[in-house]
Trainee: 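Here it is, the structure in full.
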Amino acid sequence: RAVRDHAWFGDALRFHPTSDAIAAVAAALPPDIAQISTDELFAGIDYQPLNLASSMGQLRFVPAEESFDVAFREIVVLETVPNDIAVVAGIVTQTFQTPLSHINVLSQNRGTPNMGLRGAWTNETLRALDGAWVELRVGAFDWSVRQVTEAEAETWWEANRPAPLDVPPMDLSVQAITPIGAVLAPPPSTLQDALHHAIPAFGGKVSHFAAMARVDAIPTPAAFAVPVFFFDQFMEQNGLWDELDAMLVDPEFVNDRAIKRARLAALRASIE
């Protein structure tokens, strides 16, 4: 209402729900808030290229309730637009997206193809390749999908594998519960340097919380930090590092989603 009443285009302003969850809430808005649906916004358009790229992976149709359970070598066909998604090789949504939708921002950051396709859930070309290894190409004006062998996909992955993250090892030298104000090195150390040294000992969330606590304008509660030393000690004393290391080299754990889910649940139970 504020934007509408103070903008020259106010009479033409519409609220656009960008997901099914938001649309459900927006249904309760009063009648004076004009709305436009995604279908209305993209009427007459069947194909929506969002991130132009190509990749190879295993094509899989993923119901909305399972969008959290995807694998990085899968090209997923989704009935709706999820608010978030793990790393996948490509995305096709039946519901059209917006360019700034979270999953498109993720796709652009990851360099993976992302497109909207009206009727994707029942598209005969895609359905015929469900479960197969494919190459998906998202172009500016058209898209294509072709079946490939698992060997071709493996070769492609080896050539396009992202560079390993440079994760520093844990700093186990800090072995005391620490007041939040003492987590970061005091000035004249720059904040970047202070975080660089604190994260291996305390983790990212605690270290960045300590940075926020330095800003008077940000209200933060009194807190203390538990260093990662105690996590490492717990995992070591209970043999849980060995259990985790064995999982990571087990091909069944790496490649079978059901086995991975069951063994991770067992690991969490062991930790508890």
Side-chain angles (χ1 to χ4, degrees), residues 18-19 38 42 44-165 248-261:
T18 55
S19 71
T38 300
F42 295 108
I45 298 174
D46 292 326
Y47 169 57
Q48 182 193 35
L50 287 142
N51 194 45
L52 311 185
S54 63
S55 70
M56 291 190 185
Q58 193 168 24
L59 190 70
R60 178 177 171 229
F61 282 74
V62 180
E65 65 273 12
E66 296 180 15
S67 61
F68 66 92
D69 186 18
V70 292
F72 71 97
R73 291 193 181 190
E74 290 182 335
I75 293 173
V76 296
V77 181
L78 302 165
E79 204 168 1
T80 59
V81 179
N83 291 326
D84 197 5
I85 196 165
V87 177
V88 290
I91 296 173
V92 180
T93 61
Q94 175 167 265
T95 303
F96 279 6
Q97 308 166 36
T98 58
L100 292 179
S101 67
H102 187 55
I103 68 167
N104 191 45
V105 172
L106 292 175
S107 298
Q108 294 201 7
N109 288 339
R110 297 166 179 172
T112 51
N114 179 29
M115 59 181 270
L117 181 67
R118 199 179 300 278
W121 196 250
T122 55
N123 181 276
E124 292 182 0
T125 300
L126 294 173
R127 277 290 175 183
L129 295 170
D130 187 13
W133 293 93
V134 301
E135 178 187 48
L136 174 69
R137 182 190 63 83
V138 174
F141 302 104
D142 57 13
W143 64 279
S144 65
V145 62
R146 69 179 182 91
Q147 187 167 358
V148 299
T149 65
E150 186 173 354
E152 285 181 272
E154 187 63 37
T155 300
W156 185 91
W157 273 100
E158 287 301 321
N160 293 275
R161 186 185 301 276
L165 294 176
L248 294 176
V249 297
D250 181 352
E252 284 191 332
F253 175 83
V254 172
N255 297 313
D256 190 305
R257 182 184 299 101
I259 291 175
K260 180 181 293 184
R261 185 164 49 236

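What's counted below: heavy atoms across the whole structure, side chains too, no hydrogens, waters or symmetry copies. All figures in this text were calculated on a predicted structure; none of them were measured in a lab.
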Trainee: Check the pair Thr95 / Phe42 against side-chain contact (heavy atoms from CB on, under 4.5 Å), numbers first and verdict last.
Mentor: CA-CA 10 Å; Thr95 303; Phe42 295 108; over 6 Å; no
Trainee: Nearest 0.5 angstrom please: Ile45 CD1 to Arg118 CZ, how far?
Mentor: 8.0 Å
Trainee: Could you walk me through whether Thr112 and Ile91 pass the side-chain contact (heavy atoms from CB on, under 4.5 Å) test, one step at a time?
Mentor: CA-CA 8 Å; Thr112 51; Ile91 296 173; 5.8 Å; no
Trainee: Is any side-chain heavy atom of Pro251 closer than 4.5 Å to one of Val254?
Mentor: no
Trainee: Counting only N and O atoms by type, is there a donor-acceptor contact under 3.5 Å from the side chain of Tyr47 to the main-chain atoms of Asp142?
Mentor: yes
Trainee: For a quick test of reading the model, state the closest non-hydrogen atom pair linking Val88 to Arg110 and the distance between them.
Mentor: N-NH1, 4.3 Å
Trainee: Can you spot which of Gln147, Gln58, Glu124 makes a side chain to side chain contact (heavy atoms under 4.5 Å, CB included) with Leu129?
Mentor: Gln147
Trainee: Calculate, to the nearest 0.5 Å, the distance between atoms CD and CG belonging to Gln94 and Asn123 respectively.
Mentor: 9.5 Å
Trainee: Tell me whether the count of non-hydrogen atoms from other residues, nucleotides or ligands lying under 6.0 Å of CG in Asp69 goes above 12.
Mentor: yes
Trainee: Answer whether the closest heavy-atom distance between the side chains of Asn160 and Ser55 falls below 4.5 Å.
Mentor: no
Trainee: Can you see which heavy atom on Ala140 is nearest to which on Pro49, and at what distance?
Mentor: O-CG, 3.3 Å
Trainee: Kindly assign one of parallel, tilted or perpendicular to the pair Trp121 and Phe61, based on the angle between their ring planes and the thresholds 30° and 60°.
Mentor: perpendicular
Trainee: Please report the shortest heavy-atom distance between Leu136 and Trp143, naming the atom on each side.
Mentor: CD1-CE3, 4.3 Å
Trainee: Using side-chain contact (heavy atoms from CB on, under 4.5 Å), reason through Arg137 and Met115 one step at a time and then give a plain yes or no.
Mentor: CA-CA 10 Å; Arg137 182 190 63 83; Met115 59 181 270; over 6 Å; no
Trainee: Taking C-beta and beyond as the side chain, do Thr149 and Trp133 meet within less than 4.5 Å on heavy atoms?
Mentor: no
Trainee: Quick check for you: to the nearest 0.5 Å, what is the distance between Leu78 atom CG and Arg60 atom CZ?
Mentor: 9.5 Å
Trainee: Taking all non-hydrogen atoms of both residues into account, name the closest pair between Asn114 and Ser107 and its distance.
Mentor: CB-OG, 3.5 Å
Trainee: Roughly how far, to the nearest 0.5 Å, is CG of Leu100 from CG of Leu50?
Mentor: 10.5 Å
Trainee: Surrounding CD of Glu66 (heavy atoms of other residues, nucleotides or ligands, distance under 6.0 Å), is the total greater than 12?
Mentor: yes
Trainee: If you compare all heavy atoms of Ala89 against all heavy atoms of Arg73, which two are closest, and at what distance to 0.1 Å?
Mentor: CB-C, 4.2 Å
Trainee: Could you check if a side-chain atom of Thr38 sits within less than 4.5 angstrom of a side-chain atom of Val81, using non-hydrogen atoms only?
Mentor: no
Trainee: Can you name the closest pair of heavy atoms from Gln97 and Asn104 and give their distance?
Mentor: OE1-CB, 3.9 Å
Trainee: Picking from Thr93, Val70, Leu59, what satisfies side chain to side chain contact (heavy atoms under 4.5 Å, CB included) with Val76?
Mentor: Val70
Trainee: I would like to know whether Met56 and Arg146 meet side-chain contact (heavy atoms from CB on, under 4.5 Å); could you show each step before the answer?
Mentor: CA-CA 9 Å; Met56 291 190 185; Arg146 69 179 182 91; 3.9 Å; yes
